[in-house]
Every structure is written in structure tokens, then in C-alpha cells.
2 protein chains.
Amino acid sequence: MTNQGAIPIQYTNVTSLRVGAMEFDSRDAALNSFRRNVQRVPANKILLHDGEHNCKVIVVIDGWLATSKSSLNGEVQLIDFMLPGDIADPTSADGKTAGLNIEAVTEALISVIPLAVWHRMLAESPRLARANEHVQAAERARLSERMLRLGRGSAESRIAYALIELCLRLKPLGLSENCAFHLPLTQRHIGDFTGLTAVHVCRTLRRFVRNGLVETADHMDIRITDLGTLSDIAGVEPERLAAEITPLPD
Amino acid sequence: MTNQGAIPIQYTNVTSLRVGAMEFDSRDAALNSFRRNVQRVPANKILLHDGEHNCKVIVVIDGWLATSKSSLNGEVQLIDFMLPGDIADPTSADGKTAGLNIEAVTEALISVIPLAVWHRMLAESPRLARANEHVQAAERARLSERMLRLGRGSAESRIAYALIELCLRLKPLGLSENCAFHLPLTQRHIGDFTGLTAVHVCRTLRRFVRNGLVETADHMDIRITDLGTLSDIAGVEPERLAAEITPLPD
DNA sequence: CGGGTAATTGAGCTGGTTCAATCTGAGTGG
DNA sequence: CCACTCAGATTGAACCAGCTCAATTACCCG
């Protein structure tokens, strides 16, 4: 929960940038706008507060962000994780106020685009607009999947789903090989993501391990060893889910 | 759960149509596209199934729709209600597959736009594109609010929030006067919306009535009699919430 | 070695579920 | 007009999944 300042970096470091599954390099005018707004931010930094007025769109280049809401009594619900290529757009209906918090889960490299600039970029690059649409559609699909489990699923089904979702999302980023991946998360994060207490996340995860569904190492290196059973518990077909929640190449 | 065919109507009946808070009339070319695709559908008709391939965007002209997901064992989660002026866009990341069900809650008048046509309409009418953005932003804001309560809120807070949300959304449609409004819903709907059982919805609603927070008549005419307390329970400031979840006029 | 954060495990509690019975009101057919 | 049906609402009683509280352990970092 530290909240130090962002460290501006040499933006020239960024020679290409991914939005969804599309790569934007020096041939795209958009890249310059992205580069002008690149920042490196430390883990746990809160980038935007729910209700804040200066709304910006944040494109993740590297690292993990999360969007979240919190209740008056301090309980947190993670709405979505934002991985490289994802776009955190906090804008709510009035077009000014942020409808959620955006925070860096890990140290991250991001591009923070003022809303006006973002709209111009979308208008000028149909390719970017298309990429944006895919990314937004993927997010919508994830949200409804998760909402179903939040409202109707057991703890097992919520956690199984979360593991599978993250596994599938990390795969196209080259961060998940053969159902093995690293989550830079605490059990509290997973609890805040699934609407459970950290204690119950722990119990459920242990049970998965005991039953041979997953293996864990080093406190968050996960390997799904029985995807069949796990996806039954999650109530999901992995192939179909991947198509629905992962932006495809153009 | 009836599933009869849609009844095509004289589309010439529709002389203007609202998207979000913006009115589209004969001066807008978009109106013709809307009119060409108008349908009247009966209550409980399922308009689109999760996973279906022929994706269409549905604009609500009159009546209530709902988007939903259901689990293998038949449990339903309502993702969002779509009221007049709302746009149900079921598209998931692959751009083809529907990521949720769309069903008519009441008899409804809708315009069903093929995805390709919709994209053309957006490209040709910047005003429509802007309206669409506001409507989408409003929906996103609602989803995160609800997700917070689904994951972290008590039954009381979920139901209080649902009542306030619907009250606020109905107001600009002229369907909510002075915190009194009609919900064309069963307690089961509210349960599916809030992730609770119908039985518990009933108990909680009765408790609200006993405590003088709301009055009910005729099985779903609601009047919020103590908005202060109810919004405390919901964990919400009504004015701010209205700005975030209700599309504003241009 | 000390201190702090995260994970783990146990024990008991509780909010919401489940199951079941009753009640209500709007058809519907005779 | 009444009898019958059917969907929804209401209420009671028992149960249980996940929570809370609390103690212990593991691990990292200075």
C-alpha cells in the first residue's frame, strides 16, 4: 500500500507496444502518443482513486495492474486484473469521474493517456480502435463470467475459475507454459478478486493441492495438473473460454 | 420461459429513438437503420443464447431486457437490466461469440442490429458513437458497483443497492417519481440479480418494510421511504451514483 | 538475530441456504 | 358463480459453507 511517486523513464526505451493481440510499432503514429506518456510505477502504487475527476486511460506495457472498488468499511473487491496489452478505462457515465480504483499490483510499465488524447488516437487509427474494441469485449466477457461465479458459485468454483482465467490470459503473453505460471499475488489478492477471505482461499487452494488438481511452489508458482477436473469445478470449457476472454490477433 | 417467435411490427411506428440520454429522430440517418430492425418481443423470450454465433446488438426502445449467464446446474445470474435507451452488446473477445444470454423480462420493443450494420452506424454518426460510449460507460460503472456488493456485501446491502440503482435509472425515463416506481420483476429475478435466493430476497425486503425503509404494493410497486438509511445500507451516495451509472444528455 | 508480512491450521459462529408448508391472487373452465 | 390450478410470496426450522478469531509457522530482509 505504498504510494510513492511515479518514476518517469526514458520513453525512448519503448520501441513497440501491444494493445490486445495487436502490436504497434514505429510504423504506427499511435506509438508516439503512447511513448510520450510512459511511466514506470512501483508495486502497490495507487494510480487512480474511485471518484477522482481527472480521468485517464492506462495502457499496460509490462507488469500487473488491478482495478478495484472498495466499500466504506474498507473491504476491497478486485474488479479485474490488467495484464500487458490491457487497457484500464475507469471512465463512468458522466465521462469525467472515475468509477473505480486503478492500482499497480507489481512494478509496472504503463502509458497514461489523457482522455482527450485517447479519443484522438482512436479516431486517427482505425487499427487501434479495433484493438481497443477487442480488449474491451474481452474484459466484458471476463466480468460476466466472474459475476456469475461471484453470485452463484462456491468458493471452489470461484478459485478454480480464477486460476483457469489467469492461466489462459497469461498464455498468449508467453507467461504460462503448459498450465504452469507465476501469480504475483498474495492470497489476500485472490480473496479480494474472488470475494472470499484470504483464510478460505488458503484452505481451498490446499484442498486443490491435496486432491492433485494443482501444484504450488514458492508461494504462487502454480501448475494446473488436472485441468479437466479443475474446469469442471469452475464450470468452464477452457478452449471456448480462451476465445471469449482473450483478445485475438487481428 | 416461453420462447415464441418475435412479432414483427410496422416499423414506421417508431418516429424517434433514444440511445442513452440522446434522442435520434428523422434528422438522423441512424434512425432508418434502427427502424428497419425493430421487433416487438413477448415477455420471457430469450433473444440470444450465451455461446451463440450470430451476434447482434440490441437496442431497447421500450420494456425491460436482462443480460444473464447461467451455470451448468441451471443457476442464473442476471448481469444487468437493459432499460429503454440501453444497448445490449453480447460480443465477446473473438468478435463472433455471444458472451451472455439476452432475454426479454417484459414484453419489449427492440431494434436488433447486425454487428456489421452497427459498426457502420457508429462510423457514420459520431453522435451515435458518443451516445454509445456513454451508455457503455454507464454499464461498466454499474457492473463494478454490483460486483463489489456481490463479492463483499451482505444481502441487505445488495438488495438496498439494487433498489436504489433501479430507482435512479428509472427516474430519467419518467418511470420513477419521488422514489416510487414499479419493478416488472419477481423476487426470483431480484435474487438472480443479487446472487441471493428468492426466499432470502423476500425476508430482506419484508425487513426493509417492517423497518420503514420502503413500502411495497401490488407485489412490486416500490416506494423508498427512507432513502438516507437505505443508501447507508447500500453504501452509496445517490447523487454521485446517479452521475456514474446514468448516461447524461449530450 | 529480530521484526514484519504472508501462509497455514484449528475451533466455533452465523448469514444465507434448503426444504417444506401455507397463503395469495390471477386465470380458466364448467 | 364457484372449483381448480398454477405461479409467486411468505414464513418456519434446520443446516452448512464460509467467516471470524486466534495461534502457529514459514520466510524474507535488514
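We use all heavy atoms of the structure for the numbers below, so side chains are in, but hydrogens, waters and symmetry mates are not. Lettering of chains follows the sequences in order, A, B, ..., and the numbering in each one begins at 1. These numbers were taken from a predicted model, which means no experiment stands behind them.
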Among I224(A), D226(A), V236(A), L163(A), which residue satisfies the side chain to side chain contact (heavy atoms under 4.5 Å, CB included) criterion with S231(A)?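 Of the listed options, the one satisfying the test is V236(A).
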Closest to side chain of [X], choosing from [options]:
X	options	result
T197(A)	dT8(C), dT20(D), dA9(D)	dT20(D)
R203(B)	dT11(D), dG8(D), dG16(C)	dT11(D)
L196(A)	dG18(D), dA22(D), dT11(D)	dG18(D)
H200(A)	dG18(D), dC28(D), dA9(D)	dG18(D)
C202(A)	dT17(C), dA11(C), dT8(C)	dT8(C)
V199(B)	dA7(C), dG18(D), dG12(D)	dG12(D)

Between the side-chain atoms of [X] and the base atoms of [N], is any donor-acceptor pair under 3.5 Å?
X	N	answer
R158(B)	dG16(C)	no
R207(A)	dT9(C)	no
R210(A)	dT8(C)	no

Go through the side-chain N and O atoms of H200(A) and T197(A) and say whether any donor and acceptor fall under 3.5 Å apart. no
When you compare the side chains of N101(A) and S68(A), does any donor N or O come within less than 3.5 Å of an acceptor on the partner?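 Yes.
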In whole angstrom, give the distance that lies between atom [atom1] of [X] and atom [atom2] of [N].
X	N	atom1	atom2	value
D192(A)	dA6(C)	CG	P	12 Å
F208(B)	dT10(D)	CZ	C1'	17 Å
D218(A)	dT8(C)	CG	P	12 Å
M220(A)	dC28(D)	CE	C1'	16 Å
L205(B)	dG8(D)	CG	C1'	14 Å
E75(B)	dT17(C)	CD	C1'	11 Å
H189(A)	dA6(C)	NE2	P	9 Å
R206(A)	dA7(C)	CZ	C1'	8 Å

Take T216(B) and H219(A), find for each the nucleotide of DNA chain D with the closest heavy atom, and name the residue whose nucleotide sits nearer the 5' end. T216(B)
Start with the C-alpha gap between E145(A) and K69(B), add the side-chain angles, then the distance that decides, and say whether side-chain contact (heavy atoms from CB on, under 4.5 Å) holds. CA-CA 7 Å; E145(A) 289 289 350; K69(B) 301 267 305 174; 2.7 Å; yes
Pick base, sugar-phosphate or nothing for G195(A), based on heavy-atom distances below 4.0 Å to the nucleic acid. sugar-phosphate
Presence of salt bridge, D80(A) and R169(A), under 4.0 angstrom: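 Salt bridge present between R169(A) and D80(A).
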